[in-house]
Amino acid sequence: MNIQALSAQLLVGLINGSFYALLSLGLAVIFGMLNVINFAHGALYMMGAFCAYFLLNLFGIGYWPALIIAPIVVGLFGILMERSLLQWLTGLDHLYGLLLTFGVALILQGLFQNYFGSSGLPYAIPTELQGGVNLGFMFLPIYRGWVVIFSLVVCLVTWYLIERTQLGAYLRAATENPTLVRAFGINVPRMITLTFGFGVGLAALAGVLSAPINQVRPLMGADLIIVVFAVVVIGGMGSIMGSIITGFALGVIEGLTKYFYPEASNTVVFVFMVLVLLLKPTGLTGRAT
Amino acid sequence: MLEARQHSGASASPLLEVAGLEAWYGESHILHGVDFQVREGEVVTLLGRNGAGKTTTLKSIMGIIGKRRGSVKFEGREIIRASSDHIARLGVAFCPEERGIFASLDVRENLMLPPEVRPGGLSLDQIFDLFPNLKERLSSSQGTKLSGGEQQMLAIARILRTGARFLMLDEPTEGLAPVIIQQIGRTIARLKSEGFTILLVEQNFRFASTVADRFYIVEHGKIIDGFANADLGANMDKLHTYLGV
Ligand SMILES: Nc1ncnc2c1ncn2[C@@H]1O[C@H](COP(=O)(O)OP(=O)(O)O)[C@@H](O)[C@H]1O
Ligand SMILES: [Mg+2]
């Protein structure tokens, strides 16, 4: 067994797992509050990366501020999207939200492709995070280690916010019975809008994190989101910790497959999805409804 | 004496004034002009058969029925067009018939959920004084794991924290054991003595007669009669006809 190659694939798996976790976490939060399966999530992730790219190339604003600014800007775009489009779908079947957000994703990706083509735009690793360290058994590029740790922290903070704070209690309660929560004096429509903005912001954050690794491409989200939806199906919609753990775990499993049986590395997630759908259709952590 | 109080109350405007209230669920017209009033400090009970429109009346006042018309005035302010979060912030609290305990919240989170809308809500100590059982169950993982009686107490307790002085309780005794019904009766009496105003919906007319100042009878989405508790004896025969008991 080649430890060096194995740990390299494990690291790739953890990196991919970070993106899966951040994206499926946002999807789960959005689904819980809005009952919308947000197919535009990949496009919004792409917009996060483009936002970082514009900030740098138009305004000279670098990576660190972009990490904060891009999620806010794209999150505001999400809020606009919720107010102008999604709010009218309240109470309708999932299918409407799915079709609408799918349409939005196609439009956004088409627009970006029209202006920027399909090839990747480079985005440099910030100087502070360049280089790497030799861990003995492997060489760890610092930026990649940063992405894994930072994503994990963001995921855990989000989990804490939702599961352990008063604001999170409002969110959980409103997911269950929005009418009653509103009758207690909480502005639930505003909370729904902000939740969508937050979930979108998480996607944009993932986009910024990904820019130095995967370059900035109009279709960067389209490729990723298919896997993320499989992750969500496996983990089960509506569980915060479930989507975090499933995201990282499937990234790692993918990495391991790349080492042990590379031919299956692109399909292993979908094989898992089929198995889970057959054995436990609500997902591993999903609640039967 | 009650007559005298009613007269003196008539000069001051009532705390809640419902006039010509209509409400719809989608296409079905449920309330056809509900008229009644609740004065400050009173316990008023809406009685009526199943499906008469009692719950719909409370929900319309709370602003959670989509289509409603007529007039609901709280503290003299028209609230028929207001959103339910706005109405709650004026000091109106609602305890729904199905209790509405949240499964994804533990007992403490359920208790602490409704935000304070006015200063002067009951403190946790005062609440545990009223409902000692709740204190023991506070660390229970899931609100919905509590017994029916405990869930009802939790549902009432959480709205007492908020500082709202007008409470709407929808069938708080439904399906509960006699000892628990007595405890809820004592709670209502105590809240009344502390100046809360309560609009109660009850099927359990014997229970209602132990706590209410006045009754209104709801039938087919209208108030068809009303009388004071003191006149209960004289209205007994009518009441049996109305309620079919
Ligand atoms: N969500 C609903 N959708 C449609 N009709 C309803 C709904 N809730 C209640 N109703 C109808 O409205 C009428 C009044 O119901 P409700 O106010 O709950 O009666 P009560 O509380 O007096 O038993 C009933 O005929 C009931 O069938
Ligand atoms: Mg009812």
Side-chain angles (χ1 to χ4, degrees), chain A residues 25 28-35 83 87-93 158-195 236-243 282-283 285-289, chain B residues 25-26 55 58-66 79 82-118 121 141-144 154-155 157-164 166-170:
Chain A
L25 177 61
V29 173
I30 288 172
F31 181 75
M33 274 299 270
L34 289 91
N35 236 339
R83 284 288 84 196
Q87 69 153 319
W88 308 110
L89 303 181
T90 314
L92 295 181
D93 193 82
T158 305
W159 172 84
Y160 183 86
L161 263 176
I162 292 173
E163 298 292 343
R164 292 287 181 273
T165 67
Q166 179 74 20
L167 182 71
Y170 291 154
L171 250 148
R172 277 174 287 141
T175 299
E176 235 180 277
N177 186 346
T179 309
L180 186 57
V181 172
R182 195 163 184 201
F184 286 151
I186 292 160
N187 189 337
V188 172
R190 187 174 63 198
M191 199 160 83
I192 288 176
T193 305
L194 292 177
T195 302
M237 274 286 196
S239 160
I240 299 303
M241 197 44 112
S243 49
T282 52
T285 60
R287 290 169 291 224
T289 43
Chain B
Y25 286 112
T55 296
L58 295 194
K59 286 186 173 173
S60 301
I61 295 168
M62 197 66 239
I64 54 188
I65 299 284
I79 56 171
S83 64
S84 59
D85 52 319
H86 183 79
I87 294 169
R89 298 248 164 220
L90 295 175
V92 180
F94 175 50
C95 179
E97 190 171 1
E98 66 283 358
R99 291 167 193 148
I101 301 303
F102 295 94
S104 51
L105 273 60
D106 63 26
V107 174
R108 180 186 288 275
E109 285 174 327
N110 265 289
L111 181 61
M112 303 310 282
L113 185 74
E116 188 171 287
V117 293
R118 286 189 175 185
S141 58
Q142 230 181 327
T144 43
L154 180 56
R158 69 180 170 193
I159 58 173
L160 300 179
R161 267 189 44 256
T162 65
F166 176 59
L167 314 178
M168 297 196 288
L169 311 179
D170 197 349

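Keep in mind that the numbers below use all heavy atoms, side chains included, and drop hydrogens, waters and symmetry copies. Labels below follow one simple rule: chain letters A, B, ... track the order of the sequence lines, proteins then strands, and each chain is numbered from 1.
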Result block: side-chain N/O donor-acceptor pairs under 3.5 angstrom for residues 180-191 of chain A, not counting sequence neighbours:
| unit_1 | atom_1 | unit_2 | atom_2 | d |
| --- | --- | --- | --- | --- |
| A/Arg182 | NE | B/Asp85 | OD1 | 3.1 |
| A/Arg182 | NH2 | B/Asp85 | OD1 | 3.3 |
| A/Asn187 | OD1 | A/Arg190 | N | 3.2 |

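For OH of A/Tyr160, the number of neighbouring non-hydrogen atoms (other residues, nucleotides, ligands) closer than 6.0 Å is 12 at most.
Interface remark: B/Ile159 contributes side-chain atoms only to the contact with chain A (heavy atom separation under 4.5 Å).
Interatomic distance, B/Ile101 CD1 to A/Glu176 CD, rounded to the nearest 0.5 Å: 10.0 Å.
For a heavy-atom cut-off of 4.5 Å, chain A lies close to B/Met112, B/Leu113, B/Pro114, B/Pro115, B/Val117 in residues 110-117 of chain B.
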